[in-house]
There are 2 protein chains.
Amino acid sequence: MTGVSDLTKEQKIMQAAERLFLEKGFALTSTGEIAKDAGCNQALVHYYFRTKDRLFETIFQKKITVFITDFMQIGGKRIPFEEKLRRKIEAHFDMLDANRQLPFLFLNELITNPARIASVKENFGVLPAKVYRQFSEELEKEIAKGTVRNISPLDIVLSVFSLNIVVFLMLPVFREVFGMDEAAFRELADRRKKENVAMVLASLRP
Amino acid sequence: MTGVSDLTKEQKIMQAAERLFLEKGFALTSTGEIAKDAGCNQALVHYYFRTKDRLFETIFQKKITVFITDFMQIGGKRIPFEEKLRRKIEAHFDMLDANRQLPFLFLNELITNPARIASVKENFGVLPAKVYRQFSEELEKEIAKGTVRNISPLDIVLSVFSLNIVVFLMLPVFREVFGMDEAAFRELADRRKKENVAMVLASLRP
DNA sequence: ATTATCTATAGATCTATAGATAATGC
DNA sequence: ATTATCTATAGATCTATAGATAATGC
């Protein structure tokens, strides 16, 4: 009954790093802070991960994998196109809801550290490309059938991303500027989820 | 014919700070770097602005003012509701296009430095509240007339923001991951502008 | 023996200020 | 006299590593 947990120090360091990097980004988080949060000394952080940059890269990769695979989950089941898209949008939204600081982490790092973009490319290379292609083909069929207007898959993906991501990017603004508490934000998020689905689906009508 | 410019050192410092803060955010920009960029020594930055934080605040306020006033420009002229909204969306998009790093700057600072949100509150307090109220009233009339479905003004604003902002937030990703050059991005941006207008307007249909 | 953890510290920033010197305004 | 600009530096980080000590695995 150790209570707090039987995590190894290494795991505790990763946990602390994840929490802090997600909250404040790379630049504003120090290895000393991570160590304090993990309950060890600062040298140990470097013992396990050598450099702050490598530690960050570890977290970043992990998170980006969650992000991408989760998004691509809804597969080729025999469901009508519109219904499948609806589920994809909702799954994306739910994933963001469960990882609210992810969009901030990604944008922050991809913008301030273009070198990091390489690691996205790697993860984007394999699975997602396939799923994207499949989505493209299904879309083309619908366009050919005349059930969907002529629109590029990139435009659909971008719309979904935009509408979903900003709900969580602006969370601190809702909190501080509009004085929303968790309940109020919950209500907003639930409404936006429906709204976003409706908007994207409506935008496909011929 | 001094060539380079007749700006005062103070102005040069502000210019350099603006450029660097917009590019890398607060944390990753040092006063030494700003000084170098402005062609003076680092102490002078502090002579004029006392602290790095105050310098940042100056830039931030300036930019947020541009952001807000530009957005609220399209006023009460006698134009049909839908046409007016279209123009607002396009004006917002164009403003972002002319200040591409603004969304990043805002999000970055509002998320990592909640204290900064106070300065947004101040600027958001006066003019925008009025314009927002006016927009709300016009919207209500349309809903009453039955030309627009029942939707909150916040939802419309959020949709516009989301769709427009992400185009520019993702610029570095388009550049690096998809290998887009300026011409390719220009094409994408022009298409998204139309797309965003169309989506928002379509989402209002009863 | 090897791995995990700690203490201590070198070396690299970086912010902010003190104090000297040059430029400008009356 | 006042304002602008510079040099120099104190003091506060912060990263990374060296080297000592404790814990663990055979």
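Chain naming here is simple, since letters A, B, ... match the order of the sequence lines and numbering starts at 1 in each.
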Visitor: From CG of Leu7(B) over to C1' of dA4(D), roughly how many Å is that when rounded to an integer?
Guide: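 My rounded result for the distance is 16 Å.
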Visitor: What does Gln42(B) touch in the nucleic acid at a heavy-atom separation under 4.0 angstrom: a base, only the sugar-phosphate, or nothing?
Guide: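 Answer is base: heavy atoms of Gln42(B) come under 4.0 Å of a base.
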Visitor: So what does Tyr48(A) hit on the nucleic acid, given a heavy-atom distance under 4.0 Å: a base, only sugar-phosphate, or nothing?
Guide: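 Here Tyr48(A) touches the backbone only, sparing every base.
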Visitor: Measuring only between side-chain heavy atoms, which start at C-beta, is Asp97(B) closer than 4.5 Å to Arg186(B)?
Guide: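 Result yes, sub-4.5 Å side-chain heavy-atom pair found.
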Visitor: Assert yes or no for the condition that the ring centre distance of Phe168(A) to Phe104(A) is strictly below 6.0 Å.
Guide: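 Between Phe104(A) and Phe168(A), which both carry aromatic rings, the centre distance is not below 6.0 Å.
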Visitor: From C-beta outward on Ala43(A), which listed nucleotide comes closest to its side chain: dT17(D), dA16(C), dT7(D)?
Guide: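 For the Ala43(A) side chain, the nearest candidate turns out to be dT17(D).
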Visitor: So what does Thr29(B) hit on the nucleic acid, given a heavy-atom distance under 4.0 Å: a base, only sugar-phosphate, or nothing?
Guide: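 Sugar-phosphate: the residue Thr29(B), judged by heavy atoms under 4.0 Å, touches backbone atoms but no base.
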Visitor: Does the side chain of His46(B) get closer than 4.0 angstrom to OP1 or OP2 of dT15(C) through an N or O atom?
Guide: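 No, no such contact exists.
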Visitor: So, OP1 or OP2 of dT5(D): does either fall under 4.0 Å of a side-chain N or O from Tyr47(B)?
Guide: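 Answer no for this pair, as no side-chain N or O of Tyr47(B) is under 4.0 Å from OP1 or OP2.
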Visitor: Given dA18(C), dT15(D), dC6(C), which nucleotide is nearest the side-chain atoms of Asn41(A)?
Guide: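 It is dC6(C).
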Visitor: If you round to the nearest 0.5 Å, how far is CD1 of Ile111(B) from CG of Asn113(B)?
Guide: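 Here the interatomic distance stands at 11.5 Å.
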Visitor: So, do Phe21(A) and Phe60(A) have ring centers that fall under 6.0 Å from each other?
Guide: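 Not under 6.0 Å, so no.
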Visitor: Only pairs with both distances under 3.5 Å count, Watson-Crick or wobble alike; so what is the partner of dG19(C) in this structure?
Guide: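 Because both required distances fall under 3.5 Å, dG19(C) counts as paired with dC6(D).
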